[in-house]
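Each remark here refers to the structure printed beneath this line.
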Amino acid sequence: MKTRSNRISSAEQNIPMASKQDRHTTSGNVELNTSTVSRNNQYDIRDSEEGLGTCGWILVVLSYILCAFTFPFSLCVTVKVVQEYERAVIMRLGRILSGGAKGPGLFFVLPCVDSIIKVDLRTVTFDVPPQEILTRDSVTVSVDAVVYFRIFNPIISVTNVENSRYSTQLLAATTLRNILGTKTLQEILSDRENISHSMQAHLDEGTDPWGVKVERVEIKDVRLPVNMQRSMAAEAEAAREARAKIIAAEGEQKASRALKEAADVIQQSPIALQLRYLQTLTHISAEKNSTIVFPIPVELLRLMKSRGERGSKSTEF
């Protein structure tokens with residue numbers, strides 16, 4: 001027990017040894033070293049082989065004797081293999097052996113006193129169930145996500161949490177609800193990347209004491225209520241119609257300007273109106289229509305009107 005307390009006290013005293021100037025210039029590094037030292041202290045306490053006691057050492061010696069008497073049949077029990085992507089956490093009489101996790105490859109264990117827990121270091125993926133979330137602007141949405149994580153410290157993942165995968169799933173669901181509850185619907189729909197990064201940072205911070213590293217978080221789908229979908233569709237349709245009317249009005253304005261310029265040109269050269277008339281007849285005849293409309297010139301109508309006015313004046317006199 002004295003040696004264990006000495007380890008803790010010596011590790012805690014590593015931080016005050018720095019000078020005051022170094023503390024002010026490298027405050028971020030000191031905080032990081034503090035968290036690392038505290039984690040190493042916890043690791044040193046849990047993976048020590050000391051403290052087995054007399055009975056424990058007697059059982060260990062008896063296990064060695066049993067292996068020697070039953071050799072080579074004891075090899076079937078004492079020799080274990082772990083894959084490249086696995087690590088084995090060995091507990092001897094309830095205490096983790098020094099040296100950390102074993103593997104990959106061959107290693108030996110003692111029967112009756114050692115227990116093995118295999119930990120997979122590969123990246124694991126799970127779906128966060130759809131969460132009913134009330135956004136900041138009081139809109140109810142259903143959001144689901146995908147989380148990618150892996151175990152970077154097998155010993156901590158065994159000693160600090162009962163089930164690291166299940167705990168990470170629950171924490172991911174809670175974090176998803178907490179983060180999206182502070183966002184508006186527009187932010188959720190348009191800013192998914194930043195929301196995913198924020199979720200990853202929160203999850204990584206929460207799962208770090210469990211020996212779990214969250215590599216990536218992706219939001220899969222955002223489901224809106226049917227009434228909200230109809231409202232958004234009606235709003236988008238009205239906006240499109242408004243833009244279409246504006247574009248049509250701008251086209252009419254440009255067309256009227258072009259017609260005015262054409263009318264000015266025709267007014268300067270009256271023969272241009274006759275040429276335009278002949279061009280229109282040519283276009284109509286090319287389509288093989290059975291009916292051809294002959295427009296009456298406006299000048300002819302004016303001439304007839306002026307003559308009618310003159311005839312009425314002469315009858316009055």
Side-chain angles (χ1 to χ4, degrees), residues 26-36 38-39 42 120 122-153 156-157 160-250:
T26 59
S27 58
N29 294 333
V30 171
E31 292 178 357
L32 180 61
N33 293 334
T34 304
S35 61
T36 306
S38 61
R39 187 185 303 175
Q42 186 179 14
D120 197 334
R122 293 177 294 182
T123 299
V124 181
T125 307
F126 66 87
D127 294 328
V128 179
Q131 304 292 317
E132 293 289 338
I133 300 168
L134 183 64
T135 61
R136 192 173 63 184
D137 51 353
S138 301
V139 178
T140 303
V141 295
S142 178
V143 184
D144 55 354
V146 182
V147 178
Y148 302 84
F149 74 95
R150 61 179 176 84
I151 295 175
F152 69 90
N153 193 324
I156 295 178
S157 66
N160 288 15
V161 64
E162 181 181 2
N163 191 334
S164 59
R165 180 187 178 96
Y166 183 65
S167 301
T168 305
Q169 290 179 357
L170 294 181
L171 183 61
T174 306
T175 305
L176 180 64
R177 297 175 66 91
N178 293 338
I179 292 180
L180 295 185
T182 61
K183 305 291 183 180
T184 62
L185 179 61
Q186 185 65 27
E187 292 175 348
I188 294 175
L189 295 177
S190 61
D191 200 14
R192 293 191 182 185
E193 185 175 357
N194 290 334
I195 294 175
S196 299
H197 288 315
S198 178
M199 281 191 59
Q200 178 183 356
H202 282 76
L203 283 175
D204 198 16
E205 182 180 359
T207 58
D208 188 69
W210 302 340
V212 175
K213 170 66 177 177
V214 178
E215 296 180 340
R216 190 171 183 179
V217 178
E218 293 291 341
I219 296 178
K220 289 176 58 178
D221 191 15
V222 179
R223 299 183 183 89
L224 300 176
V226 179
N227 296 333
M228 180 60 66
Q229 293 179 7
R230 293 175 180 174
S231 301
M232 294 180 66
E235 181 182 0
E237 185 178 359
R240 287 193 296 269
E241 290 180 357
R243 288 196 297 269
K245 290 181 179 179
I246 293 174
I247 293 173
E250 291 177 354

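- Listed by first and then second residue, the side-chain hydrogen bond (donor to acceptor under 3.5 Å, both in side chains) pairs involving residues 168-185 are Q131-R177 (not counting sequence neighbours).
- Considering all non-hydrogen atoms of both residues, P209 and I156 come closest at O-CG2, 2.9 Å.
- A donor-acceptor pair is defined here as one N or O able to donate and one able to accept, closer than 3.5 Å; no such pair exists between the side chain of S142 and the backbone of R223.
- Residues that satisfy the salt bridge (Lys or Arg N to Asp or Glu O under 4.0 Å) test with E215, not counting sequence neighbours, are R150.
- Considering only residues two or more places apart in sequence or on other chains, R216 meets the salt bridge (Lys or Arg N to Asp or Glu O under 4.0 Å) condition with E218.
- Taking F126 as the reference, F149 meet the ring-ring contact (aromatic ring centres under 6.0 Å, His included) condition, with sequence neighbours excluded.
- Taking every heavy atom of both residues into account, I133 and L176 meet most closely at CD1-O, 3.9 Å.
- Side-chain contact between L171 and L203: present, with at least one pair of heavy atoms (C-beta onward) separated by less than 4.5 Å.
- Within the model, atoms CG of N194 and CD of E187 stand 10.0 Å from one another, a figure rounded to the nearest 0.5 Å.
- Considering only residues two or more places apart in sequence or on other chains, L170 meets the side chain to side chain contact (heavy atoms under 4.5 Å, CB included) condition with Y166.
- Between D204 and K213, the closest side-chain pair of non-hydrogen atoms falls below 4.5 Å.
- Applying the side chain to side chain contact (heavy atoms under 4.5 Å, CB included) rule to T125 yields the partners V146, Y148; only residues at least two apart in sequence or on another chain are considered.
- Shown here are the side-chain hydrogen bond (donor to acceptor under 3.5 Å, both in side chains) partners of R240, two or more places apart in sequence or in another chain: there are none.
- D137 is linked by a salt bridge (Lys or Arg N to Asp or Glu O under 4.0 Å) to nothing, counting only residues two or more places apart in sequence or in another chain.
- Distance check: I246 CD1 to E250 CD gives 7.0 Å after rounding to the nearest 0.5 Å.
- Residues that satisfy the side-chain hydrogen bond (donor to acceptor under 3.5 Å, both in side chains) test with D144, not counting sequence neighbours, are absent from this structure.
- Nearest heavy atoms, I188 versus T135: CD1-CG2, 3.5 Å.
- Partners of K220 under the side-chain hydrogen bond (donor to acceptor under 3.5 Å, both in side chains) rule, at least two apart in sequence or in another chain, do not exist in this structure.
- Atom CG of residue L185 and atom CG of residue L180 lie 11.0 Å apart, to the nearest 0.5 angstrom.
- By the side chain to side chain contact (heavy atoms under 4.5 Å, CB included) test, V161 pairs with S164, S167, W210, sequence neighbours left out.
- Annotation: salt bridge (Lys or Arg N to Asp or Glu O under 4.0 Å) contacts of D191 (sequence neighbours excluded): none.
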